[in-house]
Amino acid sequence: MRFSHLTPGLAALILVLGSPAGAQDMPRFVSKDGRHALTVDGKPFFILAAQLHNSSAWPATLDEAWSAAEALAPNTIEAPIYWEQFEPQPGKFDTTNIDALIAKARATGKRLALLWFGTWKNGQMHYVPGWMKADPATYPRMIDARGEPIDVLSPHAPATLAADKRAFATLLAHLKKVDGTKHTVIMVQVENEPGSIGSVRDFGPAAQAEFAGPVPEPVLARTGRNPGTWRAAFGPNADEAFAAYATARYIDAVAAAGKAVYPLPIYANMWLRYKDKKYPGIDYPSGGAVWTMLDLWRGASPSVDFIGTDIYTEDAGEYRKVLDQYARHDNPSWVSETGFNPRTAPFLYYVLARGGIGFSVFGIDNPASPEQDAAVAAHRANFAALDPIRALIGQAALDGRLFAAVEEPGRAKQQLELGNGWRANIAFGPPAWGDTPAILANSAAQSGRAMIIRLSDSSLLVTGIDARVELERVATDGRHGQLMRVEEGEYRDGEWLGKRWLNGDETDYGINFRDRSGMIRVDLGSY
(Lines give C-alpha, C1' and ligand atoms only; values in the text may rest on other atoms or scores of the structure.)
Protein backbone atom coordinates (compact mmCIF):
# COMPACT_ATOMS: atom_id res chain seq x y z
CA MET A 1 0.00 0.00 0.00
CA ARG A 2 1.34 3.45 -0.91
CA PHE A 3 0.33 6.16 1.52
CA SER A 4 1.04 8.84 -1.07
CA HIS A 5 -2.45 8.15 -2.46
CA LEU A 6 -4.17 8.64 0.93
CA THR A 7 -5.11 11.74 2.84
CA PRO A 8 -2.70 12.47 5.73
CA GLY A 9 -5.38 11.71 8.33
CA LEU A 10 -6.33 8.39 6.76
CA ALA A 11 -2.70 7.38 6.33
CA ALA A 12 -2.06 8.12 10.00
CA LEU A 13 -5.10 6.16 11.05
CA ILE A 14 -4.02 3.12 9.05
CA LEU A 15 -0.54 3.31 10.55
CA VAL A 16 -1.89 3.32 14.07
CA LEU A 17 -4.88 1.02 13.82
CA GLY A 18 -3.61 -1.53 11.36
CA SER A 19 -1.66 -1.87 8.12
CA PRO A 20 -0.18 -4.66 6.04
CA ALA A 21 2.35 -6.98 7.64
CA GLY A 22 5.77 -5.34 7.87
CA ALA A 23 4.49 -1.82 7.14
CA GLN A 24 4.26 -0.97 10.82
CA ASP A 25 7.81 -1.90 11.79
CA MET A 26 9.52 1.41 11.05
CA PRO A 27 9.20 4.04 13.80
CA ARG A 28 6.93 6.80 12.50
CA PHE A 29 5.52 10.15 13.46
CA VAL A 30 1.82 10.31 12.63
CA SER A 31 -0.91 12.92 12.89
CA LYS A 32 -4.68 12.64 12.89
CA ASP A 33 -7.18 15.51 13.21
CA GLY A 34 -4.50 17.84 14.56
CA ARG A 35 -3.31 15.30 17.15
CA HIS A 36 -0.05 13.39 17.05
CA ALA A 37 1.75 10.21 18.04
CA LEU A 38 5.04 8.42 17.65
CA THR A 39 4.62 4.77 16.71
CA VAL A 40 7.20 2.09 17.45
CA ASP A 41 6.76 -1.52 16.34
CA GLY A 42 3.37 -0.52 14.97
CA LYS A 43 2.01 0.80 18.28
CA PRO A 44 1.82 4.29 19.78
CA PHE A 45 4.78 4.95 22.05
CA PHE A 46 4.84 7.64 24.76
CA ILE A 47 8.46 8.62 25.34
CA LEU A 48 9.74 8.65 28.92
CA ALA A 49 13.37 9.62 28.43
CA ALA A 50 16.54 10.25 30.39
CA GLN A 51 19.16 12.30 28.57
CA LEU A 52 22.86 11.77 29.24
CA HIS A 53 25.19 14.69 29.82
CA ASN A 54 26.95 16.08 26.76
CA SER A 55 30.13 14.01 27.18
CA SER A 56 28.66 10.79 28.58
CA ALA A 57 28.23 8.76 25.38
CA TRP A 58 31.86 7.66 25.19
CA PRO A 59 32.25 3.89 25.69
CA ALA A 60 34.70 4.35 28.59
CA THR A 61 32.15 6.30 30.64
CA LEU A 62 28.92 4.86 29.26
CA ASP A 63 28.31 2.13 31.84
CA GLU A 64 28.25 4.54 34.77
CA ALA A 65 26.08 7.09 32.96
CA TRP A 66 23.69 4.41 31.76
CA SER A 67 23.28 3.02 35.25
CA ALA A 68 22.28 6.50 36.46
CA ALA A 69 19.76 6.74 33.64
CA GLU A 70 18.22 3.36 34.42
CA ALA A 71 17.47 4.50 37.98
CA LEU A 72 14.67 6.63 36.54
CA ALA A 73 12.98 3.61 34.87
CA PRO A 74 12.86 5.31 31.45
CA ASN A 75 11.83 3.57 28.25
CA THR A 76 14.18 5.71 26.14
CA ILE A 77 17.71 7.05 26.55
CA GLU A 78 18.74 10.22 24.74
CA ALA A 79 22.44 10.27 23.91
CA PRO A 80 24.62 12.56 21.76
CA ILE A 81 26.54 11.68 18.64
CA TYR A 82 29.51 14.01 18.15
CA TRP A 83 30.40 15.06 14.61
CA GLU A 84 34.04 15.63 15.59
CA GLN A 85 34.31 12.01 16.76
CA PHE A 86 32.15 10.52 14.01
CA GLU A 87 34.15 12.11 11.14
CA PRO A 88 37.67 12.71 12.49
CA GLN A 89 38.99 13.10 8.93
CA PRO A 90 37.05 14.23 5.85
CA GLY A 91 35.04 11.26 4.57
CA LYS A 92 36.43 8.87 7.23
CA PHE A 93 33.81 7.77 9.74
CA ASP A 94 34.10 6.14 13.15
CA THR A 95 30.98 4.40 14.48
CA THR A 96 32.45 3.31 17.82
CA ASN A 97 30.21 5.48 19.99
CA ILE A 98 27.07 4.70 18.01
CA ASP A 99 27.64 0.96 18.15
CA ALA A 100 28.32 1.09 21.89
CA LEU A 101 25.08 2.96 22.51
CA ILE A 102 23.01 0.53 20.45
CA ALA A 103 24.59 -2.48 22.15
CA LYS A 104 23.93 -1.00 25.59
CA ALA A 105 20.33 -0.16 24.76
CA ARG A 106 19.63 -3.66 23.48
CA ALA A 107 21.28 -5.27 26.50
CA THR A 108 19.08 -3.26 28.87
CA GLY A 109 15.82 -3.24 26.91
CA LYS A 110 15.79 0.50 26.20
CA ARG A 111 15.10 2.52 23.08
CA LEU A 112 17.43 5.26 21.84
CA ALA A 113 16.98 8.80 20.63
CA LEU A 114 20.26 9.95 19.11
CA LEU A 115 21.18 13.63 19.23
CA TRP A 116 23.25 14.89 16.29
CA PHE A 117 25.73 17.46 17.59
CA GLY A 118 26.59 18.80 14.15
CA THR A 119 26.82 22.33 12.80
CA TRP A 120 25.08 23.66 15.91
CA LYS A 121 25.25 22.88 19.62
CA ASN A 122 23.68 25.47 21.91
CA GLY A 123 23.96 28.23 19.34
CA GLN A 124 27.64 27.60 18.59
CA MET A 125 29.91 25.26 16.60
CA HIS A 126 31.87 23.42 19.28
CA TYR A 127 31.25 19.87 18.02
CA VAL A 128 32.25 20.28 14.36
CA PRO A 129 35.42 18.40 13.33
CA GLY A 130 38.78 20.03 13.85
CA TRP A 131 39.52 19.96 10.12
CA MET A 132 36.53 22.25 9.58
CA LYS A 133 37.49 24.61 12.38
CA ALA A 134 40.98 24.88 10.87
CA ASP A 135 39.69 25.81 7.40
CA PRO A 136 37.55 28.98 7.67
CA ALA A 137 38.04 29.72 3.99
CA THR A 138 36.07 26.62 3.02
CA TYR A 139 33.82 26.54 6.08
CA PRO A 140 33.34 30.23 6.94
CA ARG A 141 32.07 31.49 10.24
CA MET A 142 29.21 33.91 10.59
CA ILE A 143 30.21 37.58 10.52
CA ASP A 144 28.66 39.97 13.02
CA ALA A 145 27.50 43.53 12.32
CA ARG A 146 30.98 44.85 13.11
CA GLY A 147 32.55 42.61 10.49
CA GLU A 148 34.06 40.20 13.02
CA PRO A 149 33.75 36.39 12.87
CA ILE A 150 31.90 34.60 15.67
CA ASP A 151 32.04 31.01 16.90
CA VAL A 152 29.19 29.86 14.63
CA LEU A 153 29.39 28.41 11.12
CA SER A 154 27.55 30.34 8.44
CA PRO A 155 24.36 28.67 7.20
CA HIS A 156 24.97 30.38 3.84
CA ALA A 157 28.11 28.35 3.03
CA PRO A 158 27.45 25.54 0.50
CA ALA A 159 30.51 23.55 1.54
CA THR A 160 29.42 23.50 5.18
CA LEU A 161 25.93 22.33 4.29
CA ALA A 162 27.32 19.65 1.99
CA ALA A 163 29.60 18.36 4.75
CA ASP A 164 26.81 18.19 7.33
CA LYS A 165 24.45 16.49 4.85
CA ARG A 166 27.09 13.89 4.03
CA ALA A 167 27.87 13.15 7.68
CA PHE A 168 24.22 12.99 8.73
CA ALA A 169 23.29 10.75 5.80
CA THR A 170 26.21 8.48 6.68
CA LEU A 171 24.95 8.30 10.27
CA LEU A 172 21.47 7.31 9.08
CA ALA A 173 22.92 4.80 6.62
CA HIS A 174 24.82 3.15 9.44
CA LEU A 175 21.68 3.01 11.58
CA LYS A 176 19.84 1.36 8.72
CA LYS A 177 22.62 -1.21 8.35
CA VAL A 178 22.93 -2.17 12.01
CA ASP A 179 19.44 -1.36 13.32
CA GLY A 180 17.13 -1.39 10.32
CA THR A 181 15.16 -4.40 11.54
CA LYS A 182 15.38 -4.09 15.34
CA HIS A 183 14.65 -0.34 15.60
CA THR A 184 16.53 0.26 18.81
CA VAL A 185 16.90 3.86 17.62
CA ILE A 186 13.40 5.31 17.36
CA MET A 187 14.20 8.89 16.35
CA VAL A 188 17.06 11.32 15.73
CA GLN A 189 17.50 14.92 16.77
CA VAL A 190 19.06 16.98 13.98
CA GLU A 191 21.49 19.58 15.42
CA ASN A 192 21.11 20.87 18.96
CA GLU A 193 19.52 24.20 19.94
CA PRO A 194 20.44 25.78 16.57
CA GLY A 195 20.93 29.44 15.87
CA SER A 196 23.65 31.92 16.72
CA ILE A 197 24.95 33.31 19.98
CA GLY A 198 27.03 36.41 19.25
CA SER A 199 25.11 37.96 16.37
CA VAL A 200 21.48 38.36 15.37
CA ARG A 201 22.34 37.04 11.89
CA ASP A 202 25.15 36.52 9.42
CA PHE A 203 26.46 39.74 7.89
CA GLY A 204 28.89 38.00 5.53
CA PRO A 205 28.81 38.77 1.78
CA ALA A 206 26.55 35.87 0.77
CA ALA A 207 24.11 36.58 3.58
CA GLN A 208 24.04 40.30 2.85
CA ALA A 209 23.19 39.71 -0.79
CA GLU A 210 20.32 37.39 0.14
CA PHE A 211 19.06 39.73 2.86
CA ALA A 212 18.81 42.57 0.34
CA GLY A 213 16.75 40.43 -2.04
CA PRO A 214 13.05 39.56 -1.94
CA VAL A 215 11.58 37.34 0.74
CA PRO A 216 10.71 33.94 -0.77
CA GLU A 217 7.02 33.63 -1.58
CA PRO A 218 6.44 30.55 0.65
CA VAL A 219 7.70 32.54 3.64
CA LEU A 220 5.33 35.39 2.80
CA ALA A 221 2.41 33.00 2.46
CA ARG A 222 3.19 31.25 5.72
CA THR A 223 3.62 34.45 7.73
CA GLY A 224 1.07 36.70 6.03
CA ARG A 225 3.65 39.35 5.05
CA ASN A 226 3.62 41.62 2.01
CA PRO A 227 6.19 41.14 -0.77
CA GLY A 228 9.46 42.99 -0.51
CA THR A 229 12.90 42.74 1.02
CA TRP A 230 13.35 41.18 4.44
CA ARG A 231 13.48 44.61 6.03
CA ALA A 232 10.37 45.79 4.22
CA ALA A 233 8.42 42.63 5.03
CA PHE A 234 9.47 42.06 8.65
CA GLY A 235 10.47 45.52 9.86
CA PRO A 236 12.34 45.46 13.20
CA ASN A 237 12.19 41.64 13.26
CA ALA A 238 13.80 41.28 9.86
CA ASP A 239 17.23 40.19 11.07
CA GLU A 240 15.86 37.40 13.28
CA ALA A 241 13.33 36.28 10.66
CA PHE A 242 16.09 36.08 8.05
CA ALA A 243 18.26 34.07 10.47
CA ALA A 244 15.35 31.74 11.25
CA TYR A 245 14.72 31.07 7.57
CA ALA A 246 18.39 30.43 6.84
CA THR A 247 18.73 28.08 9.80
CA ALA A 248 15.49 26.19 9.14
CA ARG A 249 16.28 25.81 5.43
CA TYR A 250 19.76 24.50 6.21
CA ILE A 251 18.52 22.01 8.82
CA ASP A 252 15.72 20.87 6.53
CA ALA A 253 18.29 19.98 3.89
CA VAL A 254 20.32 18.00 6.43
CA ALA A 255 17.20 16.18 7.65
CA ALA A 256 16.10 15.41 4.09
CA ALA A 257 19.51 13.92 3.29
CA GLY A 258 19.21 11.59 6.26
CA LYS A 259 15.63 10.60 5.55
CA ALA A 260 16.47 9.79 1.95
CA VAL A 261 18.69 7.02 3.32
CA TYR A 262 16.68 5.86 6.33
CA PRO A 263 13.43 7.70 7.16
CA LEU A 264 13.41 7.68 10.94
CA PRO A 265 11.40 10.40 12.70
CA ILE A 266 13.56 13.52 12.92
CA TYR A 267 13.05 16.45 15.24
CA ALA A 268 14.82 19.67 16.18
CA ASN A 269 15.11 20.96 19.74
CA MET A 270 15.06 24.61 20.71
CA TRP A 271 16.62 26.98 23.21
CA LEU A 272 13.53 28.97 24.14
CA ARG A 273 12.74 32.65 24.28
CA TYR A 274 11.36 33.12 27.78
CA LYS A 275 9.15 36.00 28.91
CA ASP A 276 12.00 38.29 30.02
CA LYS A 277 14.27 37.60 27.03
CA LYS A 278 14.26 40.21 24.28
CA TYR A 279 17.49 40.15 22.31
CA PRO A 280 18.11 37.40 19.71
CA GLY A 281 21.74 36.42 19.53
CA ILE A 282 22.28 37.58 23.12
CA ASP A 283 19.46 36.27 25.31
CA TYR A 284 18.91 33.21 23.12
CA PRO A 285 20.26 31.86 19.80
CA SER A 286 18.96 33.87 16.89
CA GLY A 287 17.57 31.69 14.12
CA GLY A 288 15.99 28.99 16.25
CA ALA A 289 12.31 28.11 16.28
CA VAL A 290 11.38 30.35 19.19
CA TRP A 291 7.64 30.87 19.49
CA THR A 292 7.70 34.13 17.52
CA MET A 293 9.41 32.33 14.61
CA LEU A 294 7.61 29.01 14.81
CA ASP A 295 5.27 29.57 11.86
CA LEU A 296 8.18 30.52 9.64
CA TRP A 297 10.21 27.54 10.84
CA ARG A 298 7.45 24.99 10.31
CA GLY A 299 6.96 26.25 6.77
CA ALA A 300 10.68 26.19 5.95
CA SER A 301 11.51 22.73 7.35
CA PRO A 302 9.03 20.13 6.06
CA SER A 303 11.58 17.33 6.51
CA VAL A 304 11.72 18.03 10.25
CA ASP A 305 8.82 16.08 11.73
CA PHE A 306 8.42 18.16 14.87
CA ILE A 307 10.00 20.76 17.14
CA GLY A 308 10.96 19.96 20.72
CA THR A 309 11.08 22.35 23.65
CA ASP A 310 14.05 22.51 26.03
CA ILE A 311 12.34 23.94 29.10
CA TYR A 312 14.41 25.05 32.07
CA THR A 313 12.02 26.74 34.45
CA GLU A 314 10.36 25.62 37.67
CA ASP A 315 7.55 28.15 37.31
CA ALA A 316 4.37 26.16 36.61
CA GLY A 317 2.63 28.98 34.76
CA GLU A 318 5.62 29.67 32.54
CA TYR A 319 6.04 25.97 31.82
CA ARG A 320 2.39 25.66 30.82
CA LYS A 321 2.60 28.77 28.65
CA VAL A 322 5.59 27.44 26.73
CA LEU A 323 3.86 24.14 26.06
CA ASP A 324 0.77 25.98 24.81
CA GLN A 325 2.94 27.88 22.33
CA TYR A 326 4.27 24.67 20.77
CA ALA A 327 1.34 22.23 21.07
CA ARG A 328 -0.38 22.90 17.72
CA HIS A 329 -2.11 21.17 14.86
CA ASP A 330 1.26 21.02 13.10
CA ASN A 331 3.44 20.22 16.13
CA PRO A 332 3.10 17.91 19.14
CA SER A 333 3.84 18.70 22.74
CA TRP A 334 7.32 17.24 23.25
CA VAL A 335 9.64 18.24 26.10
CA SER A 336 12.99 17.34 24.57
CA GLU A 337 14.88 18.52 27.67
CA THR A 338 13.92 19.68 31.12
CA GLY A 339 15.71 20.28 34.40
CA PHE A 340 16.47 17.26 36.54
CA ASN A 341 14.94 18.13 39.89
CA PRO A 342 11.81 17.17 41.82
CA ARG A 343 9.96 20.38 40.93
CA THR A 344 9.78 19.47 37.23
CA ALA A 345 8.35 15.99 37.76
CA PRO A 346 4.66 17.04 37.88
CA PHE A 347 5.09 18.97 34.63
CA LEU A 348 5.12 15.70 32.69
CA TYR A 349 1.36 15.75 33.19
CA TYR A 350 1.14 19.04 31.28
CA VAL A 351 2.41 17.10 28.26
CA LEU A 352 -0.20 14.42 28.86
CA ALA A 353 -2.92 17.09 29.08
CA ARG A 354 -1.91 18.35 25.64
CA GLY A 355 -1.88 14.91 24.04
CA GLY A 356 1.89 15.08 23.73
CA ILE A 357 4.37 12.44 22.64
CA GLY A 358 6.89 12.48 25.47
CA PHE A 359 9.04 14.03 28.17
CA SER A 360 12.81 13.93 28.65
CA VAL A 361 14.89 14.83 31.71
CA PHE A 362 18.38 16.19 31.04
CA GLY A 363 21.64 15.50 32.86
CA ILE A 364 20.64 12.51 34.93
CA ASP A 365 24.22 11.24 35.43
CA ASN A 366 25.23 13.68 38.18
CA PRO A 367 27.39 12.84 41.20
CA ALA A 368 25.53 11.19 44.07
CA SER A 369 23.87 13.62 46.48
CA PRO A 370 20.64 14.00 48.44
CA GLU A 371 19.38 16.32 45.70
CA GLN A 372 20.13 13.68 43.07
CA ASP A 373 18.29 11.03 45.09
CA ALA A 374 15.23 13.30 45.42
CA ALA A 375 15.18 14.01 41.68
CA VAL A 376 15.47 10.33 40.83
CA ALA A 377 12.63 9.43 43.17
CA ALA A 378 10.32 12.14 41.81
CA HIS A 379 10.80 11.28 38.14
CA ARG A 380 10.91 7.53 38.69
CA ALA A 381 7.47 7.76 40.29
CA ASN A 382 6.16 9.03 36.95
CA PHE A 383 8.16 6.82 34.63
CA ALA A 384 7.59 3.53 36.46
CA ALA A 385 3.84 4.13 36.61
CA LEU A 386 3.34 5.32 33.03
CA ASP A 387 5.72 3.16 31.02
CA PRO A 388 3.57 -0.01 31.27
CA ILE A 389 0.73 1.93 29.58
CA ARG A 390 2.85 3.88 27.06
CA ALA A 391 0.92 2.46 24.10
CA LEU A 392 -2.41 3.16 25.77
CA ILE A 393 -1.31 6.74 26.48
CA GLY A 394 -0.12 7.28 22.92
CA GLN A 395 -3.34 5.96 21.37
CA ALA A 396 -5.57 7.88 23.79
CA ALA A 397 -3.66 11.09 23.03
CA LEU A 398 -4.07 10.52 19.30
CA ASP A 399 -7.80 9.89 19.79
CA GLY A 400 -8.38 12.82 22.15
CA ARG A 401 -9.34 10.55 25.08
CA LEU A 402 -6.60 11.61 27.49
CA PHE A 403 -7.01 14.26 30.22
CA ALA A 404 -4.61 15.51 32.89
CA ALA A 405 -4.15 18.23 35.47
CA VAL A 406 -1.20 19.63 37.43
CA GLU A 407 -1.25 21.41 40.77
CA GLU A 408 -0.31 25.08 40.54
CA PRO A 409 -0.12 27.92 43.05
CA GLY A 410 -3.68 29.12 43.63
CA ARG A 411 -5.14 26.18 41.68
CA ALA A 412 -5.50 23.47 44.32
CA LYS A 413 -8.85 22.53 42.77
CA GLN A 414 -9.38 21.86 39.08
CA GLN A 415 -11.95 20.24 36.80
CA LEU A 416 -11.60 18.05 33.72
CA GLU A 417 -14.49 17.64 31.27
CA LEU A 418 -14.20 14.05 30.08
CA GLY A 419 -16.44 14.30 27.03
CA ASN A 420 -18.72 11.39 27.92
CA GLY A 421 -21.20 13.22 30.13
CA TRP A 422 -18.87 13.04 33.12
CA ARG A 423 -16.60 15.52 34.87
CA ALA A 424 -13.61 14.93 37.14
CA ASN A 425 -13.30 17.26 40.13
CA ILE A 426 -9.69 17.15 41.28
CA ALA A 427 -8.28 18.37 44.58
CA PHE A 428 -4.54 18.36 45.19
CA GLY A 429 -3.16 17.56 48.59
CA PRO A 430 -6.64 16.74 50.05
CA PRO A 431 -7.21 15.32 53.52
CA ALA A 432 -6.86 11.56 53.88
CA TRP A 433 -10.58 11.09 54.49
CA GLY A 434 -13.72 13.22 54.60
CA ASP A 435 -15.15 16.05 52.55
CA THR A 436 -12.85 18.21 50.48
CA PRO A 437 -12.83 21.72 52.01
CA ALA A 438 -14.59 24.45 50.04
CA ILE A 439 -11.35 26.43 50.09
CA LEU A 440 -8.29 24.23 49.73
CA ALA A 441 -4.71 25.38 50.13
CA ASN A 442 -1.95 24.03 47.94
CA SER A 443 0.01 21.11 49.27
CA ALA A 444 3.42 21.98 50.71
CA ALA A 445 5.37 20.34 47.89
CA GLN A 446 2.92 21.34 45.12
CA SER A 447 3.54 17.91 43.65
CA GLY A 448 -0.03 16.99 42.70
CA ARG A 449 -0.91 15.58 39.29
CA ALA A 450 -3.67 13.41 37.88
CA MET A 451 -4.40 11.67 34.57
CA ILE A 452 -7.57 10.10 33.22
CA ILE A 453 -7.90 8.00 30.08
CA ARG A 454 -11.40 7.39 28.76
CA LEU A 455 -11.30 3.71 27.88
CA SER A 456 -14.91 3.84 26.69
CA ASP A 457 -17.95 6.01 27.40
CA SER A 458 -18.56 3.94 30.52
CA SER A 459 -15.06 3.19 31.81
CA LEU A 460 -12.03 5.22 32.85
CA LEU A 461 -8.42 4.61 33.84
CA VAL A 462 -7.37 7.00 36.60
CA THR A 463 -3.95 7.65 38.15
CA GLY A 464 -2.15 10.41 39.97
CA ILE A 465 0.07 11.55 42.82
CA ASP A 466 -1.04 13.67 45.79
CA ALA A 467 -4.50 14.07 44.32
CA ARG A 468 -8.16 13.26 44.98
CA VAL A 469 -10.38 12.54 41.95
CA GLU A 470 -14.17 12.76 42.37
CA LEU A 471 -16.32 11.82 39.38
CA GLU A 472 -19.56 13.67 38.64
CA ARG A 473 -22.13 12.91 35.95
CA VAL A 474 -23.05 16.15 34.14
CA ALA A 475 -25.09 14.81 31.21
CA THR A 476 -28.40 16.68 30.85
CA ASP A 477 -30.66 13.65 30.37
CA GLY A 478 -32.16 13.66 33.87
CA ARG A 479 -30.30 10.53 34.95
CA HIS A 480 -27.97 10.25 37.94
CA GLY A 481 -24.45 8.88 37.91
CA GLN A 482 -23.03 6.07 39.98
CA LEU A 483 -19.77 4.16 40.24
CA MET A 484 -20.44 0.56 39.28
CA ARG A 485 -16.96 -0.74 40.08
CA VAL A 486 -13.69 0.82 41.25
CA GLU A 487 -10.83 -1.61 40.82
CA GLU A 488 -7.15 -1.23 41.68
CA GLY A 489 -4.77 -3.04 39.37
CA GLU A 490 -2.14 -2.75 36.68
CA TYR A 491 -1.53 -3.25 32.99
CA ARG A 492 0.84 -6.02 32.04
CA ASP A 493 1.65 -6.71 28.39
CA GLY A 494 -1.34 -4.59 27.42
CA GLU A 495 -3.82 -6.53 29.58
CA TRP A 496 -5.58 -5.19 32.68
CA LEU A 497 -4.93 -7.26 35.80
CA GLY A 498 -7.23 -6.36 38.68
CA LYS A 499 -5.94 -6.69 42.22
CA ARG A 500 -8.84 -5.62 44.42
CA TRP A 501 -12.11 -3.74 44.33
CA LEU A 502 -12.41 -0.47 46.26
CA ASN A 503 -15.60 0.69 47.94
CA GLY A 504 -17.03 2.37 51.02
CA ASP A 505 -14.38 4.39 52.85
CA GLU A 506 -12.07 4.03 49.85
CA THR A 507 -14.44 5.72 47.39
CA ASP A 508 -17.02 7.69 49.40
CA TYR A 509 -14.81 10.76 49.29
CA GLY A 510 -13.28 10.33 45.87
CA ILE A 511 -10.39 8.24 44.63
CA ASN A 512 -7.31 9.22 46.60
CA PHE A 513 -3.69 9.01 45.45
CA ARG A 514 -0.86 9.64 47.86
CA ASP A 515 2.85 10.09 47.15
CA ARG A 516 3.04 7.33 44.55
CA SER A 517 0.92 6.45 41.57
CA GLY A 518 -1.57 3.63 41.44
CA MET A 519 -3.81 2.52 38.59
CA ILE A 520 -7.56 2.57 39.17
CA ARG A 521 -10.12 1.39 36.64
CA VAL A 522 -13.61 2.84 37.09
CA ASP A 523 -16.79 1.49 35.52
CA LEU A 524 -19.49 4.17 35.32
CA GLY A 525 -23.25 3.81 35.36
CA SER A 526 -26.46 5.82 35.66
CA TYR A 527 -30.01 5.39 36.95
Item to check | Test item: side-chain donor near acceptor, Asn382 and Arg449, under 3.5 Å | outcome: yes
Item to check | Identified ring pair (Phe, Tyr, Trp, His ring centres under 6.0 Å) partner of His379 from the options Phe347, Phe362, Phe340 | outcome: Phe340
Checklist entry - Is Asp63 salt-bridged to Lys104, going by a charged N under 4.0 Å from an acidic O? => result yes
Next on the checklist: Would you call the rings of Phe306 and Phe29 parallel, tilted or perpendicular, taking 30° and 60° as the class edges?
Outcome noted: tilted
Checklist entry - Is Asp387 paired with Arg390 through a side-chain N to carboxylate O contact shorter than 4.0 Å? => result yes
Item to check | Salt bridge present between Asp324 and Arg328 (N-O < 4.0 angstrom) | outcome: no
Item to check | side-chain hydrogen bond (donor to acceptor under 3.5 Å, both in side chains) partners for Thr507, two or more places apart | outcome: none
Next on the checklist: For Lys259, is there an ion pair with Asp252 - N to carboxylate O distance below 4.0 angstrom?
Outcome noted: no
Item to check | Nearest-0.5 Å distance that lies between atom CD in Gln51 and atom CG in Leu72 | outcome: 12.5 Å
Checklist entry - How many angstroms lie between atom CZ of Arg343 and atom CG of Asn341, to the nearest 0.5 angstrom? => result 8.5 Å
Next on the checklist: Tell me whether Arg380 is salt-bridged to Asp373, with the criterion being a basic N under 4.0 Å from an acidic carboxylate O.
Outcome noted: no
Checklist entry - Is Asp305 paired with Arg28 through a side-chain N to carboxylate O contact shorter than 4.0 Å? => result no
Next on the checklist: For the residue pair Asn331 / His36, report whether a side-chain donor-acceptor contact shorter than 3.5 Å exists.
Outcome noted: no
Item to check | Proximity of Tyr326 and Trp291 rings by center, below 6.0 Å | outcome: no
Next on the checklist: Using the rule given for side chain to side chain donor-acceptor pair (under 3.5 Å), can you reason through Glu408 versus Tyr350, listing the C-alpha separation, both sets of side-chain angles and the distance that settles it, and then say yes or no?
Outcome noted: CA-CA 11 Å; Glu408 293 183 15; Tyr350 282 138; 2.4 Å; yes
Item to check | Residue pair Glu490, Arg492: steps toward the salt bridge (Lys or Arg N to Asp or Glu O under 4.0 Å) verdict | outcome: CA-CA 6 Å; Glu490 64 178 339; Arg492 190 177 302 166; 2.4 Å; yes
Next on the checklist: Assess the residue pair Leu402 and Ile452 against the criterion (side-chain contact (heavy atoms from CB on, under 4.5 Å)); give the C-alpha distance rounded to whole Å, side-chain angles, the decisive distance to 0.1 Å, and a yes or no.
Outcome noted: CA-CA 6 Å; Leu402 190 152; Ile452 299 174; over 6 Å; no
Checklist outcome for this item: The ring pair (Phe, Tyr, Trp, His ring centres under 6.0 Å) partners of Tyr491 (sequence neighbours excluded) come to Trp496
Item to check | Ring-face cation of Lys121 near Phe117 (centre distance under 6.0 Å, axis angle within 45°) | outcome: yes
Next on the checklist: Regarding Glu407 and Ser443, do their side chains bring together a donor and an acceptor under 3.5 Å, going by distance alone?
Outcome noted: yes
Checklist entry - Does Thr313 have any side-chain hydrogen bond (donor to acceptor under 3.5 Å, both in side chains) partners at least two apart in sequence or in another chain, and if so, which? => result none
Counting only pairs under 3.5 Å, give me each side-chain donor-acceptor contact of residues 520-527, with atom names and distances, residues two or more places apart or in other chains.
{"unit_1": "Ser526", "atom_1": "OG", "unit_2": "Arg479", "atom_2": "NE", "d": "3.0"}

Item to check | Check: Asp25 and Asp41 side chains under 4.5 Å, non-hydrogen atoms | outcome: no
Item to check | Glu488 with Lys499: basic N within carboxylate O range, under 4.0 Å | outcome: no
Checklist entry - If you round to the nearest 0.5 Å, how far is CG of Asn122 from CD of Glu191? => result 12.0 Å
Next on the checklist: Is any side-chain heavy atom of Leu471 closer than 4.5 Å to one of Leu460?
Outcome noted: yes
Item to check | Counterpart residues, side-chain hydrogen bond (donor to acceptor under 3.5 Å, both in side chains), relative to Asn97 (two or more places apart) | outcome: none
Checklist entry - So Glu470 and Asn425, side chain to side chain donor-acceptor pair (under 3.5 Å) or not? Walk me through it. => result CA-CA 5 Å; Glu470 297 179 277; Asn425 298 306; over 6 Å; no
Next on the checklist: Strictly distance-based, threshold 3.5 Å: is any side-chain N or O of Arg468 a donor or acceptor partner for the main-chain N or O of Tyr509?
Outcome noted: yes
Checklist outcome for this item: Value for CD1 (Ile186) from CG (Leu264), rounded to nearest 0.5 Å, stands at 9.5 Å
Checklist entry - With a 4.5 Å heavy-atom cut-off, do Glu70 and Lys110 have their side chains touching? => result yes
Checklist entry - With Ser336, which residues qualify under side-chain hydrogen bond (donor to acceptor under 3.5 Å, both in side chains), at least two apart? => result Asp310
